[in-house]
Amino acid sequence: MQAPAGWSIVGWVAAVIAAMFAVITWQYGLGEEGLRVVLRATARTSVTLFLAAFVASSIRKLVRTPLTAWALRNRRQLGVGFAVSHFVHGWAIVSLLRLGFDANPLTLWVGGLAYVTIAAMTLTSFDRTTAWLGPRAWRGLHTGGVWYLWIVFAFTYVGTASTDPFAAVSFVALIAALGIRVTARRRAARPAH
Ligand code: HEM
């Protein structure tokens with residue numbers, strides 16, 4: 001079987017998340033418990049897709065395999081897949097707030113700004129909108145945006161890493177991804193002999 005490529009990746013991501021959502025809400029319902037499970041599950045699908053898009057071009061500079069070529073070719077779609085997953089996280093947050101969940105204002109501001117960033121990055125991930133924005137502004141938005149999202153993920157997962165193995169693995173993966181980006185950058189800056 002061939003790996004999905006191009007925009008079909010976003011369709012596959014949406015289908016997997018819809019199936020995951022159906023199983024969770026069937027098992028736990030749509031009250032606070034179910035919404036919290038949806039939040040934790042979508043955080044997992046989001047961090048996985050985010051990391052794939054975050055390292056795609058750096059890892060290709062360090063490791064040349066068919067998998068890294070695939071990730072590089074499809075990094076935009078992996079990023080939009082992350083946005084699909086994280087908008088379901090957003091939907092669960094709004095539903096929880098409507099049930100009376102009291103979020104800390106700092107979380108709402110930092111998280112709200114992250115959602116504005118994700119929306120702006122998603123809207124400028126298509127050929128026409130990329131051309132409309134221009135290369136400098138596009139690079140500023142997408143580079144600043146991914147680092148901001150990296151910080152939000154890292155701070156969220158480091159908080160629960162001591163009690164939750166998935167959070168610990170995610171935090172280590174986020175640090176490793178940072179290492180991959182820095183190494184690829186340094187290697188590209190090194191003069192050729
Ligand atoms: C206003 C915005 C946000 C609010 C109010 C919010 C709230 C929540 C809540 C209530 C949980 C479930 C906690 C639990 O029951 O265990 C959760 C999980 C999580 N959220 Fe968000 N979130 C927001 C935005 C974000 C953003 C933008 C990111 C990442 C870019 C993010 C990453 C995570 C992660 C990684 C988890 C899983 C934590 C764990 O499993 O230990 N959240 N969030």
Side-chain angles (χ1 to χ4, degrees), residues 9-10 13-14 16-56 58 71 75-125 140-181:
I9 292 171
V10 180
V13 167
V16 168
I17 289 169
M20 184 176 87
F21 180 86
V23 170
I24 293 172
T25 53
W26 177 67
Q27 203 174 347
Y28 298 96
L30 271 170
E32 177 170 349
E33 190 189 7
L35 291 171
R36 281 189 185 275
V37 180
V38 169
L39 278 167
R40 284 194 294 273
T42 49
R44 292 177 180 201
T45 47
S46 296
V47 76
T48 307
L49 290 158
F50 172 81
L51 281 170
F54 184 75
V55 297
S58 305
R75 66 187 188 287
R76 256 202 236 183
Q77 288 79 7
L78 291 167
V80 175
F82 153 72
V84 168
S85 166
H86 223 56
F87 278 113
V88 179
H89 190 87
W91 173 86
I93 292 164
V94 173
S95 307
L96 206 53
L97 291 172
R98 288 171 71 172
L99 288 183
F101 166 70
D102 203 9
N104 143 357
L106 181 67
T107 308
L108 288 178
W109 276 104
V110 173
L113 182 59
Y115 273 102
V116 172
T117 307
I118 298 168
M121 289 169 74
T122 307
L123 291 172
T124 54
S125 285
L141 171 66
H142 285 252
T143 308
V146 289
W147 283 111
Y148 182 61
L149 295 172
W150 184 92
I151 291 169
V152 178
F153 271 122
F155 271 87
T156 311
Y157 274 133
V158 78
T160 49
S162 61
T163 52
D164 172 6
F166 186 89
V169 169
S170 302
F171 183 70
V172 170
L174 284 156
I175 299 293
L178 183 147
I180 290 168
R181 282 186 65 133

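In listed order, ligands and their atoms are each counted from 1.
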Practice item. Write out the residue and atom name of the closest protein heavy atom to atom 41 (O) of ligand 1, then the distance separating them to 0.1 Å. Key: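 Minimum-distance protein heavy atom for atom 41 (O) of ligand 1 reads Thr160 OG1, 2.8 Å.
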
Review point. Do any N/O atoms on Arg40 end up under 3.5 angstrom from N/O atoms on ligand 1?
Key: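 Yes, there is a polar N/O contact under 3.5 Å.
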
Check your understanding: Closest heavy-atom contact between Val110 and Tyr148?
Key ->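 Val110 and Tyr148 have their closest heavy atoms at O-OH, 2.9 Å.
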
Point to revise | Distance-minimising heavy-atom pair for Ile118 and Phe82 | key: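 Answer, listing the atom of Ile118 first, then Phe82: CD1-CZ, 3.9 Å.
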
Review point. So which of Arg36, Arg44, Glu32 gets nearest to atom 15 (O) of ligand 1, if we judge by its closest heavy atom?
Key: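 Shortest heavy-atom distance from atom 15 (O) of ligand 1: Arg36.
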
**Study point:** Those atoms of ligand 1 less than 4.0 Å from some heavy atom in Ala114
**Key:**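 Taking each heavy atom of Ala114 in turn, ligand 1 has 27 (C) under 4.0 Å.
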
Point to revise | Contact atoms of ligand 1, heavy-atom distance to Phe153 under 4.0 Å | key: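 So the atoms of ligand 1 that pass are 29 (C), 30 (C), 35 (C).
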
Exercise for review: Give a yes/no on ligand 1: does His86 have at least one heavy atom closer than 4.0 angstrom to it?
Suggested key: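 Contact present.
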
Practice item. Compute the minimum heavy-atom distance from Phe101 to ligand 1 and say whether it is under 4.0 Å. Key: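 In this structure, Phe101 qualifies as a contact of ligand 1 - some heavy atom is under 4.0 Å.
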
Check your understanding: Relative to the ring of Phe21, is the ring of Trp91 parallel (under 30°), tilted (30 to 60°) or perpendicular (over 60°)?
Key ->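 Trp91 and Phe21: perpendicular rings.
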
Check your understanding: In terms of ring plane angle, is the pair Phe153 and Phe50 parallel, tilted or perpendicular, where the classes change at 30° and 60°?
Key ->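 The arrangement is tilted - the two ring planes meet at 30° to 60°.
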
If you round to the nearest 0.5 Å, how far is [atom2] of [Y] from [atom1] of [X]?
{"X": "Leu123", "Y": "Leu141", "atom1": "CG", "atom2": "CG", "value": "10.0 Å"}
{"X": "His86", "Y": "Leu49", "atom1": "NE2", "atom2": "CG", "value": "11.5 Å"}
{"X": "Leu35", "Y": "Leu99", "atom1": "CG", "atom2": "CG", "value": "6.0 Å"}

Review point. Can you check whether Ser85's main-chain N or O pairs, donor with acceptor, with Thr42's side chain at less than 3.5 Å?
Key: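 No, because the side chain of Thr42 does not come within donor-acceptor range (under 3.5 Å) of the backbone of Ser85.
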
Practice item. Answer with side chain, backbone, both or neither: which part of Tyr157 has a heavy atom less than 4.0 angstrom from an atom of ligand 1? Key: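 Near ligand 1, Tyr157 shows its side chain, while the N, CA, C and O stay back.
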
When the side chains of residues 159-174 are checked against the rest of the protein, which donor-acceptor pairs come out under 3.5 Å, sequence neighbours left out?
| residue | atom | partner | partner atom | Å |
| --- | --- | --- | --- | --- |
| Thr163 | OG1 | Thr160 | O | 3.2 |
| Asp164 | OD1 | Phe166 | N | 3.0 |
| Ser170 | OG | Phe166 | O | 2.8 |

Exercise for review: Using a cut-off of 2.8 Å, find all protein N, O or S atoms closer to atom 21 (Fe) of ligand 1 than that distance.
Suggested key: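 Short answer, with waters excluded from the count: His89 NE2.
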
